Participant: 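Just dropping this structure here.
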There are 2 protein chains.
Amino acid sequence: MTNLETTAPKSKDPKTHSLKEMIIGLIIEHLDTEEKLPPEKELMRRFGVSRTTLREALSAFESNGIIVSRQGSGRYVQIPNISKQIVDTWSIVIQSKPSMLLELLEIRSILEINSLPKAMERINTDQLQYLGLQVEIMKSKAAKGEPFVKEDRQFHKTLFTSTNNIFLEQLLTTFWDLFEESEINKKHNDLMEVAFQHEKMLEAFAKQDLPLLSQLFQEQFSDARYQIMKSLVNS
Amino acid sequence: MTNLETTAPKSKDPKTHSLKEMIIGLIIEHLDTEEKLPPEKELMRRFGVSRTTLREALSAFESNGIIVSRQGSGRYVQIPNISKQIVDTWSIVIQSKPSMLLELLEIRSILEINSLPKAMERINTDQLQYLGLQVEIMKSKAAKGEPFVKEDRQFHKTLFTSTNNIFLEQLLTTFWDLFEESEINKKHNDLMEVAFQHEKMLEAFAKQDLPLLSQLFQEQFSDARYQIMKSLVNS
DNA sequence: TACCATTTGTCCGTATGTATC
DNA sequence: AGATACATACGGACAAATGGT
């Protein structure tokens with residue numbers, strides 16, 4: 001058993017603080033099992049607060065995503081997803097400063113490229129086959145002049161999911177969300193080239209050619225950088 | 001099921017949705033100037049909602065940190081800090097699954113090591129001098145057997161701040177916060193060695209010896225990984 | 001110093017709508 | 001269809017911090 005101490009009472013505000021603390025305790029209790037939390041009525045009684053007070057305290061955790069409530073059913077605990085929180089606020093910031101997208105791309109490229117070795121060694125045939133499917137869809141859509149953001153995203157997501165790093169996956173998902181929301185590089189000049197780029201990546205993957213794969217990723221990020229800068233100039 | 005546009009809320013409940021929208025508009029308006037927002041009374045009137053409703057809508061933005069309210073003064077808009085949001089939730093998760101720290105360290109090491117080239121080319125003499133000061137403090141504290149988390153942190157922060165990437169800075173800050181909160185590797189076996197490690201890093205920096213610097217960082221992260229794993233075994 | 005209006009914080013109660021089981 | 005549980009909204013009251021007089 002871990003020592004769940006109810007924090008040293010060094011703060012002035014015992015009620016609010018301890019209510020928050022008690023909810024955290026409740027969360028930790030239910031985090032492993034992902035059980036349903038007790039209903040509001042029960043919690044009101046247990047903590048001795050009104051519904052408004054309780055709900056306000058809970059809402060903080062809900063906006064974080066560590067507690068999710070389903071109307072008519074109850075509240076549940078889950079591992080939080082940072083994406084939503086970050087996107088909610090930073091999409092607003094980016095509206096004011098679009099050049100921030102370059103900073104994000106910089107981080108994304110570092111993380112993806114450095115994840116390639118691990119992704120390459122851990123990927124399995126099913127995933128490889130799935131990547132092949134995505135590439136085929138890309139090519140067919142490109143031929144029809146349709147964009148294929150979803151497939152592009154799935155392709156990358158499949159790669160970095162195989163690193164088995166939850167935080168990394170969430171972080172990269174966040175970047176995709178922010179880019180999509182910003183609606184920059186919505187339409188790429190040469191869809192077919194992008195599709196082929198991914199086909200080459202897949203081949204490099206199949207051949208376990210890490211240097212080539214890295215280079216292809218580098219090129220792709222260069223291209224993305226260019227697209228963003230072009231958009232920035234136009235606005 | 002897959003009914004797109006699950007609800008057409010416009011006829012029923014335009015208020016909630018547009019209330020959020022209006023607040024976002026308010027935020028964007030004030031994001032550049034960092035002015036004070038209108039008081040609740042004014043917003044209640046302007047948006048035509050009750051205080052409870054208004055406050056609940058605002059609280060979502062407050063928990064994100066893009067709005068901060070000061071009792072007795074008012075509400076202010078600021079560029080949000082992802083650190084707080086992430087730490088709030090993930091420190092809880094880490095309490096349940098401490099092994100997650102290894103994943104975080106993995107990301108942190110990738111980001112820091114890949115930031116070294118840029119940091120090296122952009123660092124100035126003032127910063128270099130500041131790093132030297134930190135190292136001296138580290139050594140003197142190590143001699144007395146005192147830990148020097150703050151100086152260690154300042155050392156690294158100075159490096160990656162010089163990359164001028166706000167998001168990166170916030171991310172790395174987040175990791176430090178999470179590690180500190182987890183209270184793992186609080187006490188290192190050999191403080192003096194850590195201090196010397198940083199001294200060597202500083203020398204490599206001064207000599208612009210990137211390969212050596214990278215190697216030193218690698219070693220440092222290896223050591224950190226070992227410290228974490230040791231802590232994991234003990235619990 | 002002290003008082004004051006302003007502004008946010010906290011808390012309570014109630015009512016009605018809506019989704020789930 | 002009914003009971004349960006959460007969503008949304010309104011109203012009021014008092015406390016606490018701030019900023020200015």
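Per chain, numbering begins at 1; letters A, B, ... match sequence-line order. In this text the structure is predicted, and so the values were computed from the model without any measurement. Heavy atoms only: backbone and side chains are in, while hydrogens, waters and symmetry mates are out.
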Participant: Looking across every strand, which nucleic acid part, if any, lies under 4.0 Å from B:Thr52 by heavy atom: base, sugar-phosphate, or nothing?
Facilitator: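 Base, at least one base atom sits under 4.0 Å.
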Participant: May I have the distance from A:Glu42 (atom CD) to D:dA5 (atom P), rounded to whole angstrom?
Facilitator: 10 Å
Participant: If you assign A:Arg70 and A:Thr53 each to the DNA chain C nucleotide with the nearest heavy atom, which residue ends up on the more 5' nucleotide?
Facilitator: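 On the 5' side of the pair lies A:Thr53.
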Participant: What is the separation between atom CE on A:Met44 and atom C1' on D:dA5, rounded to the nearest whole Å?
Facilitator: 12 Å
Participant: With rounding to the nearest 0.5 angstrom, report the CG to CG distance, A:Leu19 to A:Leu43.
Facilitator: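 So the gap between those two atoms works out to 9.5 Å.
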Participant: Taking for each residue the nucleotide of DNA chain C bearing the nearest heavy atom, is the 5' side occupied by A:Ser50 or by B:Ser69?
Facilitator: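 By nearest-heavy-atom nucleotide position, the 5'-most residue is B:Ser69.
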Participant: With the side chain of A:Gln71 defined as its heavy atoms from C-beta on, choose the nearest nucleotide among D:dT8, C:dG9, C:dG17.
Facilitator: C:dG17
Participant: Which pairs, with at least one residue in residues 133-148 of chain A and sequence neighbours excluded, count as a side-chain hydrogen bond (donor to acceptor under 3.5 Å, both in side chains)?
Facilitator: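 Checked against side-chain hydrogen bond (donor to acceptor under 3.5 Å, both in side chains) - neighbours excluded - the pairs reaching residues 133-148 of chain A are A:Tyr130-A:Gln134, A:Lys139-A:Glu199, A:Lys141-A:Glu151.
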Participant: Scan residues 159-173 of chain A for pairs that pass side-chain hydrogen bond (donor to acceptor under 3.5 Å, both in side chains), counting only residues two or more places apart or in two chains.
Facilitator: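 Residue pairs with at least one partner in residues 159-173 of chain A: there are none.
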Participant: Can A:Arg108 be said to sit on top of A:Phe221's aromatic six-ring, NZ or CZ under 6.0 Å from centre and within 45° of the ring axis?
Facilitator: no
Participant: Taking only the side-chain heavy atoms of A:Val49 (C-beta and beyond), determine which of C:dC12, C:dT8, D:dC6 contains the nearest atom.
Facilitator: C:dC12
Participant: Could you state the atom-to-atom distance from CD1 of A:Ile67 to C1' of D:dA5 in whole Å?
Facilitator: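 Value for this atom pair: 15 Å.
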Participant: Start with the C-alpha gap between B:Arg153 and B:Asp177, add the side-chain angles, then the distance that decides, and say whether salt bridge (charged side-chain N to carboxylate O under 4.0 Å, His left out) holds.
Facilitator: CA-CA 10 Å; B:Arg153 188 169 172 154; B:Asp177 288 338; 2.7 Å; yes
Participant: In this structure, how many angstroms lie between the P atom of C:dC11 and the CG atom of A:Leu58, rounded?
Facilitator: 13 Å
Participant: Roughly how many Å is it from CZ in A:Phe47 to C1' in C:dC11, rounded to a whole number?
Facilitator: 17 Å
Participant: Give B:Arg55 one of three labels, base, sugar-phosphate or nothing, depending on what nucleic acid heavy atoms sit under 4.0 Å from its own.
Facilitator: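 Base, at least one base atom sits under 4.0 Å.
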Participant: Quick one: B:Tyr76 OH to C:dT7 P, roughly how many Å, whole number?
Facilitator: 11 Å
Participant: Applying a 4.0 Å non-hydrogen cut-off, can you work out what A:Arg51 is touching in the nucleic acid: base, sugar-phosphate, or nothing?
Facilitator: base
Participant: Of the nucleotides D:dT8, C:dG9, C:dT10, which has the atom closest to the A:Glu56 side chain?
Facilitator: C:dT10
Participant: Measure the distance from NZ on B:Lys36 to P on C:dT7 and round it to the nearest whole Å.
Facilitator: 7 Å
Participant: Mind calculating the distance between CG (B:Leu54) and C1' (D:dT8) to the nearest angstrom?
Facilitator: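 The answer, rounded to whole Å, is 14 Å.
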